[in-house]
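Here is the structure we will look at, set down as structure tokens.
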2 protein chains.
Amino acid sequence: MDRRQRKTREAIFNSFTNLLSKKEFNQITVGEIIEGADIGRATFYSHFETKDFLLKEFCEELFCHIFDTEKNSQNEHRHIFECNSSEPIFLHLFKHLQQNDNNILALLSSQNNELFLRYFRINLETLIESHLSLFESKKSDNLPDLFWKNHIISTFMGTLKWWIDNKMKESPEVITEYFFEVL
Amino acid sequence: MDRRQRKTREAIFNSFTNLLSKKEFNQITVGEIIEGADIGRATFYSHFETKDFLLKEFCEELFCHIFDTEKNSQNEHRHIFECNSSEPIFLHLFKHLQQNDNNILALLSSQNNELFLRYFRINLETLIESHLSLFESKKSDNLPDLFWKNHIISTFMGTLKWWIDNKMKESPEVITEYFFEVL
DNA sequence: ATATTAATGAACAATTTGTTCGGTAATGTA
DNA sequence: TACATTACCGAACAAATTGTTCATTAATAT
């Protein structure tokens, strides 16, 4: 990718983040974005078809990183604990959220959180799917598999929502404990 | 309220519902709404400050009705079953959703479902709050009350989401069973 | 019967969107 | 270094949308 393209894309994302922390997504105009990014109007449209596509790619880059980390750390953790528990993975995820990515959390707790939580959920779904077998023991037999999967995801999202709304006062360890407690 | 006002308001709501079933909220313009409602532009703005206020009042009227029914039926149910179980209330809510209000469900399952689920959640919160004591027995002692409340709400919303996504194939009885099963 | 209030419709400025195009400058490659 | 490619510029553009104004008409409540 051309360095100019990278720089422009970066500038757009930065301006976008900046605006997102101040106002609702719907209220943000392309004019504001390009003003903040200091680029021409035509340039914006040569990068992104619409504002919605910008959001989509933005979220993909944002969450792709954190969930890739989880995926990669998964084997490592299995190694350390030498057990089948899925707890380390979620603990690690909560830790990652609290410590390493204030950027992401600023967005998850912003006025646009529903927007980001939606995208977060999509990524979470993939992660949980690959760990579904680890929850099997807690599942009642009469529940449909897909209902059970949906419930795990909802519970995680609910836990995260509560933690964020609650200013993340609790430690990742405690939150992980709560998460498994209610499951 | 003046009959003309009522009629206009009704016409706006009807046109709005109509459009909501076809496209995303953000894509709907005031022009389309007034065209469908067959009223003048100035008239619309004399009723609603903005499109967002229209949505707000629309949701309030919509969900206010269903949750009021629940609230009123609550005593009745307690009477019939002569027990403290909260199950009848939620069963009744699922039944109400499936049978009596295709209008509401069309919206909850439309492209705008996130929008309506948000408002639904707000109303649900109030309902659950007044029944919190009935869930006490299932709660672990070390969980904060507010976390527990949040989890009940998330679980209900998750159940509802799954049910709607799943075209409501299951009976309200089964869904209620699932709901209490995972709780 | 009358005063009040709501709806009309047309016109209005202001904002925003998405596109076009010739010119300029940075970039990757040979 | 020289060259061809490609991204950016920026100004201008039509089209759509927003939200307001105002004089006129018609329905309503009492």
Side-chain angles (χ1 to χ4, degrees), chain A residues 1-61 107 110-112 114-116 118-119, chain B residues 1-61 107 110-112 114-116 118-119:
Chain A
M1 196 186 227
D2 197 310
R3 186 196 292 143
R4 288 170 294 178
Q5 281 188 65
R6 258 182 291 134
K7 279 192 171 179
T8 300
R9 195 180 163 88
E10 189 82 4
I12 292 175
F13 278 168
N14 283 339
S15 171
F16 188 49
T17 314
N18 207 25
L19 289 163
L20 277 172
S21 65
K22 287 184 202 134
K23 35 161 74 182
E24 227 186 308
F25 173 73
N26 295 329
Q27 304 303 322
I28 296 172
T29 67
V30 175
E32 289 172 308
I33 297 171
I34 64 173
E35 191 194 4
D38 194 29
I39 58 164
R41 183 165 201 76
T43 308
F44 175 88
Y45 281 104
S46 77
H47 277 261
F48 303 101
E49 204 174 330
T50 64
K51 231 173 59 190
D52 289 292
F53 278 96
L54 164 60
L55 174 67
K56 191 169 174 294
E57 294 194 29
F58 180 73
C59 287
E60 272 166 10
E61 283 202 12
L107 294 174
S110 72
Q111 328 166 45
N112 303 287
E114 314 224 9
L115 216 52
F116 295 102
R118 189 171 77 217
Y119 280 99
Chain B
M1 197 188 229
D2 197 308
R3 185 196 292 141
R4 288 168 296 178
Q5 280 189 63
R6 257 182 292 135
K7 280 191 171 178
T8 299
R9 193 181 165 88
E10 189 82 3
I12 292 175
F13 278 169
N14 283 339
S15 172
F16 188 49
T17 313
N18 209 24
L19 289 163
L20 278 172
S21 65
K22 287 183 201 132
K23 36 162 71 182
E24 227 186 307
F25 173 73
N26 295 329
Q27 304 304 322
I28 296 172
T29 67
V30 175
E32 289 172 308
I33 297 171
I34 65 175
E35 191 193 4
D38 193 31
I39 57 164
R41 183 166 199 76
T43 308
F44 176 87
Y45 282 104
S46 77
H47 277 261
F48 302 101
E49 204 175 329
T50 65
K51 233 173 57 190
D52 290 292
F53 277 97
L54 164 60
L55 174 67
K56 191 169 175 294
E57 294 194 29
F58 181 73
C59 287
E60 272 167 9
E61 281 202 12
L107 295 173
S110 72
Q111 325 165 46
N112 303 287
E114 312 223 12
L115 213 54
F116 295 102
R118 191 172 73 214
Y119 280 100

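Naming: A, B, ... by sequence-line order, numbering from 1 per chain.
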Does [N] have its OP1 or OP2 closer than 4.0 Å to a side-chain nitrogen or oxygen of [X]?
X     : N      : result
A/Y45 : C/dG18 : yes
B/H47 : C/dA6  : no
A/T8  : D/dC8  : yes
A/R4  : C/dT27 : no
A/S46 : D/dC8  : yes

Does atom CD of B/E35 have more than 12 heavy-atom neighbours from other groups under 6.0 Å away? no
Can you tell me if A/Q5 has over 12 outside heavy atoms packed within less than 6.0 Å of its CD?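 Yes, CD of A/Q5 has more than 12 neighbouring heavy atoms, counting only those of other groups under 6.0 Å.
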Would you call the rings of A/F58 and A/F13 parallel, tilted or perpendicular, where under 30° means parallel and over 60° means perpendicular? perpendicular
What is the separation between atom [atom1] on [X] and atom [atom2] on [N], rounded to the nearest whole Å?
X     : N      : atom1 : atom2 : value
A/R3  : D/dC8  : CZ    : P     : 13 Å
A/R6  : C/dA26 : CZ    : P     : 16 Å
B/Q27 : D/dA16 : CD    : P     : 15 Å
A/I33 : C/dT16 : CD1   : C1'   : 12 Å
A/I28 : C/dT17 : CD1   : P     : 11 Å
B/E35 : C/dG9  : CD    : P     : 14 Å
B/K7  : D/dA29 : NZ    : P     : 11 Å
A/D38 : D/dG10 : CG    : C1'   : 12 Å

For B/K51 and A/D2, find the nucleotide of DNA chain D closest to each by heavy atoms; which residue's nucleotide sits nearer the 5' end?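 Mapping each residue to its closest nucleotide by heavy atoms, the 5'-most match is A/D2.
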Measure from the side-chain heavy atoms of A/I39 and tell me the nearest of C/dT5, D/dC9, C/dT8. D/dC9
Taking the side chain of A/Q5 as heavy atoms from C-beta outward, which of D/dA7, C/dC21, C/dT17 is closest to it?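 The listed nucleotide nearest to A/Q5's side chain is D/dA7.
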Should B/K22 and B/E32 count as an ion pair when the cut-off is N to O under 4.0 Å?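 No.
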SB check A/K56 A/E60 (cutoff 4.0 Å):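 A salt bridge is present here (some side-chain N lies under 4.0 Å from a carboxylate O).
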For the base of C/dG18, is there a side-chain donor-acceptor partner from A/R41 under 3.5 Å away?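 Side chain to base: pair found, below 3.5 Å.
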Which is true for B/T43 with a 4.0 Å heavy-atom rule: it touches a base, it touches only sugar-phosphate, or it touches nothing?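 Base, at least one base atom sits under 4.0 Å.
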